[in-house]
Each structure stands twice: as C-alpha cells, then as structure tokens.
Amino acid sequence: VVVNKIDAYRNEEIQEKSEDYNDDGSGSGIEEWEKGLTTRVCEEDLVEQLKGSMSHTRLMLMSAKERDGVDQLMGRMNMFVNKVK
C-alpha cells in the first residue's frame, strides 16, 4: 500500500503558511488548493489504522510533491517488474 501526499500530515505549518500567500498565490511554497488544509487523523493514527486493515505489512508513505519516497517507490517497482518478466 502506498500513501501519497504524506507531506500534508507532516507539515504542521500548512495553516500558517496558507496565510503567507501573496495576491497572486505565490510566496509560501504550497499550492492554492492547500490553503487551510487539515487532516482528520494524525500520521501515526493513519498508519495504525492502515496496518490494522491490511493483510500484509508493506506500507509506504511518500510525497511526490516533496520527492520524499519517490526513489524508493521506483526501486520497488523496478524489482517487481523484473520479477514478473
């Protein structure tokens, strides 16, 4: 299981950053649609709930936007593709 957009859970400053936007939407490093973004559960609770529902232990957290975990995902995909060839 791969969870993308994990940066939303890790970025506690997203609320404060959303107030730093200029009129043209630039300035804070987050997207316009991320203004005021909140999560319903914390990252730890999300992981715990997912692991409790999964029949295996392969859980990967990533953020394509922040490039966090992307190389690891591509490496895993490469190994998988090579196994199925």
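For the single chain, residues carry numbers from 1 onward in sequence order. Computed from a predicted structure; not experimentally measured.
- Here the shortest heavy-atom pairing between Val41 and Gln49 reads CG1-NE2, 4.0 Å.
- Residues passing the side chain to side chain contact (heavy atoms under 4.5 Å, CB included) test with Asn82 are Asn78, Lys85, sequence neighbours excluded.
- Pairing each heavy atom of Met60 with each of Leu73, the nearest pair is CE-N, 3.1 Å.
- Counting all heavy atoms, side chain and backbone alike, Arg58 lies closest to Met54 at O-CE, 3.7 Å.
- Criterion: ILVMFWY side-chain heavy atoms under 4.5 Å apart, direct or through other members. Under it, Ile6 and Val1 are part of a common hydrophobic cluster.
- A side-chain contact (heavy atoms from CB on, under 4.5 Å) with Met62 is found for exactly one of Asp68, Asp71, Val70, namely Val70.
- Note on Met74 and Val2: same hydrophobic cluster, where clusters join Ile, Leu, Val, Met, Phe, Trp and Tyr whose side-chain heavy atoms are under 4.5 Å apart, directly or indirectly.
- Leu61 has its side chain within reach of Glu43: a pair of non-hydrogen atoms, C-beta onward, lies under 4.5 Å apart.
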